[in-house]
Every structure is written in structure tokens, then in C-alpha cells.
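Each remark here refers to the structure printed beneath this line.
These numbers come from the heavy atoms of this one structure, side chains and all, not from hydrogens, waters or symmetry mates.
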Amino acid sequence: MLIRNARLVPLTEPAPPGLVDVLVEDGVVTRVGSGIVADGSEESYDDVVDAAGGWLMPGLWDQHVHLAQWTLSSARLDLAPARSAEQAVALVRERLEEWPDLPVIGWGHRPTAWDEVPVAAHLDAIDTEQPIVLIAGDGHHGWLNTVALQMLALPTRQSVVSEAEWFMAYGRLSTVLGSDGTGPEAYRRTMENAAAQGVVGVVDFEFSGGVADWAERWAGGADLIRVRHACYADGLEDVISRGLSSGDPLDGDRRLTMGPLKIISDGSLNTRTAWCCDPYAEKAVLGFPEGQPNQTPDELRRLLGRAAEHGLDVAVHAIGDRAVTEALAAFADTGARGGIEHVQLTTRDDVRRMAELGVRASVQPAHLIDDRDVTERLWPGRSERCFPLRWMLDDGVDVVLGSDAPVSVLDPWLAIAAAVHRSGDEREAWHPEQSITPREALAASTDGLGTVAPGHPADLVLLDADPLDGAGDVAHAVRLRGFADHVVATWVDGRVVHQR
């Protein structure tokens, strides 16, 4: 393929001035420069694309997605507007009035700010025999009626089902509640929507399913963009028995590869289970005023050591500052490689230690928009240490960005805008001293690739506007959030996967 008359977006290196041609052979960029071929001699190429002065850059990656949950989200009851248990129950009643013979799967409520704690009795009061499963906006707990608890083989209780118990139960939803809408065709539609935003790859951290599931799904047509499949502890031995290391193809296709071992070492802010050095200011979980870990230190080190022994990267979910400290200690003790997911609250010293250990930071900047107000309530006096992207880049930490979809939408431009402007509304930036530049945010979204150059995989996106134009302007945030509208074409491995 030959792409002619393109302008390169300068990410980590200066771009050649003016218009250039880009030659792609066997899925790899092999030449970049002006006048690669003379006019009229393009007949020898399989495909010639006239970029018409558009801006070309490496395609975008979402480094943290729960792909099945995101694929399902369009069919779920949206509970984000609920501001109380009563309002959430009213939304469930409306759904059941419309579809009385279907289970209710909801997503998006955030009960931390509610006056009343949600309990099973609220849902049991609805006149239905259908199971009701309402998943919190941070994904860390489910609010279920008694019918759903029994169908999922969970002990009957009034409280929500949270953390490890919830993650295990979530993996059973599709078998208990019927078709979950995540077949290959549904995945393909999700991938098409992602490609239309310039996304060429995702790291899939779905709770359920394994290597065989992804191979079957890929063979069924869900093969549009690159996927790195992460496993959890319960699937680790299966991965090891298959002789797979991170980066190995899963189905003989270099676009579908083995990703990291995912370990959820603590909880979340909204569930008040993220493990912190200091107590929560209000509504702490009884007996755990600072939140809590999900493994003992020995268990955490055993998992990291096992992964390192077999060539697997590790992705450790750590939201609270104590969890980050313990995760870094485990990396240091085991020699494991990989990164920390979220790094929502940390210390200046631990950022420096991340750089020293070569531990990557995988951050979802749109969470700072969602969690801005609740952070000030639950972690007062700590918000200057939340999502510290500026510290990380200044200290040399490898930073990559993602969404954690469906906790936030799978939209790399929203993540980029949040990292740069640190506000999602008319308010001033939240701790602007931790902002990064548009160029840095774009570079952190391209899987380590800078300005398009020979040797790069031909995972490319063509834009009809310059994403760096107007950087620093207040209106730039609005432009960035809507920049998917400027995507003209997306290629993965040299093949077009989206064309406007």
C-alpha cells in the first residue's frame, strides 16, 4: 500500500516538513519520504491512498477494556442518572413494565453519595419473578434481588455482592441469565465502532473466558482490530499449560496475542475498598477503615513469581496508595515485568520507584472526571496525588492510557482530553499541575509508537484535522473530546478496517 500526500503528526520525534508518502509492505511501514514513486507509476501497488494533505499518525490503543461488558452495555439498563436507591428502583420498574418477561441487567449506579445504602429488599419489593442484577458504575459490586442471588448460587443476603465474590459471580451471568449478546457478531460491531474512532488495538481484561474462547471468537469473525487477551489467576495454569508467554499469537494470527496476567490487588474508591494508607473520611467498610487488599503479600508475590517464571507480563490493579506501594514491593521482590493498572492515588516516592523498577503505569484519565467530587469527600487532602500524570512523565515512567470500558466509554479521545485538561464540564481543571500536553497524551495512546517511521506496524489512522492545533486553548478540550469525527480511515496490519 502507498499512502500519498500525508502530513505526519509529530509525537515523539519531529515530523518531516510538508507532504510525504508512506510505503507499507507486508503490514509494516518500510519507507517514509517525499516522492517515493514518480507520478503515474502507482500501478505496481495493491492500493494507493491519497491522503489529500490529511494528518497521519499511529493508530490508537485502549490499554484497559472489559470487552464483553462493553459489548453488552448497549443492551443494559442505564442507571447512571439514579441519585438514590428509590430512583434506581423506579428505573427498574419502568424496564420491567416494558419487558416483563426478561431479566434486568443494569449498569452505572454510584451509590456512594446516596443517603440510603442499597439492599436486596429494595429490589425484592418489585413484583417480579425475574432476576435483577444491577452492576455498580465502577464494576466492583452487584446489587441483586433474592431471585438473582439464588440463580447465581450466591448466599442470600441484604448487602451487595462485592470484589472477588462478585467477579466470580459475574462470569456466571451468561449461563444463568441466558444469551449475553457477546457472540462474534456483537464483538465485531464493537470493533467497528472502535475502529471508527481510530482504535487499532485493545487489551482485553474481561473477567470470564479464556484462550479457547478468544480463538473461537476470532475464527467467528471478531478479528477486525488487534487484541491482547489477559488472563486472571484462575486461568493462569491453563495459559502455562499451553506454553504461552505475553506476545505469543493465540490463533496463528499476529493480531491476536497473549497479554498479561491480571491481578486485582484491591478494590475501588466508590465501593470504599481501595486500599489506602489513611482511613476513608466517611462510610468506610466496617472493620476496614482504610479499605482492604484482595491477597496477602505472599499470595501476591506467588502470582507475580509464577507469571515471571513463564514469560508473562503482569498487570496489577492498584487504586489506593497502599495497594500501589505493596504492588511495587512485589515487583521488586520477584523481578516480574509489567505495570500497575489505574494508579489512581499514589505518593511522590512511589512514582519515582515505578520509574526505577521500570513498572508501567496504565491510567484511565476519564475516571478523574467521574471521581472528582467523590475523591474530595472520601479522600480529603489527598486529591493532589490522584492521577499524577505529570509526576509520572517527568520521572520517566512509561505511561499508557485506556478507558476501563464500560466504567468509562471506549473513547480514546475522551481519555486524551481528560489527561490534558482534567475537567469534563465548565469547571476549572482539577489539579492542573498534573496535566500533560496533547502531544504527550497522544503518544501515550499509541502503544509506544511515536511519529510514523520505517519499522512501525502499519496500524495507522488518517485524520482530516491536526489534533495538536490549538493546544493550550480552552476550546481545545472540546475539540479533542469530539475528535473521532475527524477520523478518515483506520488501518490494522496494513488492512483498512474503517473508511469514512
Side-chain angles (χ1 to χ4, degrees), residues 64-73 76 105-111 118 120 131-144 148-155 157 159-177 180 182 203-211 213-214 229-239 259-275 285 288 291-296 299-300 302-304 307 314-320 323 327 340-342 344 362 364 367 402-408:
H64 192 123
V65 176
H66 299 274
L67 208 53
Q69 293 186 64
W70 177 242
T71 300
L72 267 170
S73 61
R76 287 175 168 168
I105 308 295
W107 175 275
H109 64 288
R110 293 179 179 270
I132 301 171
V133 180
L134 309 182
I135 305 168
D138 60 12
H140 278 252
H141 79 247
W143 175 19
L144 284 64
L149 288 168
Q150 293 171 346
M151 293 181 72
L152 287 167
L154 292 166
R157 89 284 302 277
S159 63
V160 299
V161 184
S162 62
E163 300 306 334
E165 186 184 20
W166 166 242
F167 300 139
M168 293 297 293
Y170 183 88
R172 302 196 294 272
L173 279 182
S174 61
T175 57
V176 173
L177 302 178
D180 65 357
T182 54
V203 182
D204 183 22
F205 286 108
E206 190 52 67
F207 298 123
S208 57
V211 171
D213 299 88
W214 250 117
H229 161 65
C231 73
Y232 285 77
D234 59 353
L236 177 58
E237 295 308 317
D238 176 65
V239 170
L261 166 67
K262 172 70 180 295
I263 302 169
I264 303 180
S265 78
D266 73 338
S268 69
L269 168 63
N270 282 275
T271 310
R272 300 175 306 283
T273 48
W275 194 22
V285 176
F288 299 97
Q292 62 194 111
N294 288 325
Q295 303 89 21
T296 67
E299 289 171 338
L300 184 60
R302 182 185 62 79
L303 286 169
L304 265 69
V314 182
V316 180
H317 163 120
I319 286 182
I340 296 179
E341 300 295 321
H342 308 304
Q344 187 162 343
S362 176
Q364 300 74 49
H367 289 353
S403 66
D404 200 10
V407 180
S408 293

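Annotation: side-chain contact (heavy atoms from CB on, under 4.5 Å) contacts of Gln292 (sequence neighbours excluded): Thr273, Val285, Phe288. By the side-chain hydrogen bond (donor to acceptor under 3.5 Å, both in side chains) test, Asp204 pairs with Trp214, sequence neighbours left out. For Glu299, the salt bridge (charged side-chain N to carboxylate O under 4.0 Å, His left out) criterion is met by no residue, not counting sequence neighbours. Shown here are the side-chain hydrogen bond (donor to acceptor under 3.5 Å, both in side chains) partners of Trp107, two or more places apart in sequence or in another chain: there are none. Among residues two or more places apart in sequence or in another chain, the side-chain hydrogen bond (donor to acceptor under 3.5 Å, both in side chains) test is passed with Ser162 by none. Take Asp238 and apply the salt bridge (charged side-chain N to carboxylate O under 4.0 Å, His left out) test, not counting sequence neighbours, and it matches Arg242.
Taken from NE2 in His66 to CZ in Phe207, the straight-line distance is 4.5 Å, to the nearest 0.5 Å. Between atom CD1 of residue Ile319 and atom CG of residue Asp138 there is a gap of 7.5 Å, rounded to the nearest 0.5 Å. Here Leu236 contributes atom CG and Lys262 contributes atom NZ; the two are 14.5 Å apart, rounded to the nearest 0.5 Å. Residue Leu173 holds its CG atom at 6.0 Å from CD1 of Ile135, rounded to the nearest 0.5 Å. Between Gln69 atom CD and Ile105 atom CD1 the span is 11.0 Å, to the nearest 0.5 Å. Between the NE2 atom of His229 and the CG atom of Leu67 there is a distance of 12.0 Å, given to the nearest 0.5 Å.
When every heavy atom of Leu154 is checked against every heavy atom of Ala169, the shortest pair comes out as CD1-CB, 4.0 Å. Taking all atoms of both residues into account, the shortest heavy-atom contact from Val203 to Pro260 is CG1-CD, 4.2 Å. The heavy-atom pair separating Val160 from Pro118 by the smallest distance is CG1-O, 4.0 Å. A pairwise comparison of heavy atoms in Ser408 and His367 identifies OG-ND1, 3.2 Å as the closest pair. Pro155 approaches Leu149 most closely through the heavy-atom pair O-CD2, 4.1 Å. Nearest heavy atoms, Ala233 versus Leu261: N-CD1, 3.8 Å.
Here the side chain of Tyr170 pairs no donor or acceptor atom with the backbone of His141 at under 3.5 angstrom. In this structure, Glu206 contributes its side chain and Ala230 its backbone to no donor-acceptor pair below 3.5 Å. With hydrogens and angles disregarded, a donor-acceptor distance shorter than 3.5 Å links the side chain of Arg272 to the backbone of Asn270. The backbone N or O of Gly139 lies less than 3.5 Å from a partner atom in the side chain of Trp166, making a donor-acceptor pair. Looking only at distances, a side-chain donor or acceptor of Asn294 sits under 3.5 Å from a matching main-chain atom of Ile264.
Side-chain contact between Gln364 and Glu341: present, with at least one pair of heavy atoms (C-beta onward) separated by less than 4.5 Å. Contact of the Ser403 side chain with the Val65 side chain is registered, since non-hydrogen atoms from C-beta on lie closer than 4.5 Å.
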Exercise for review: Tell me, with the steps shown, if Leu303 and Val314 meet side chain to side chain contact (heavy atoms under 4.5 Å, CB included).
Suggested key: CA-CA 9 Å; Leu303 286 169; Val314 182; over 6 Å; no
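Between His317 and His342, the two ring planes are perpendicular [angle over 60°; tilted spans 30° to 60°].
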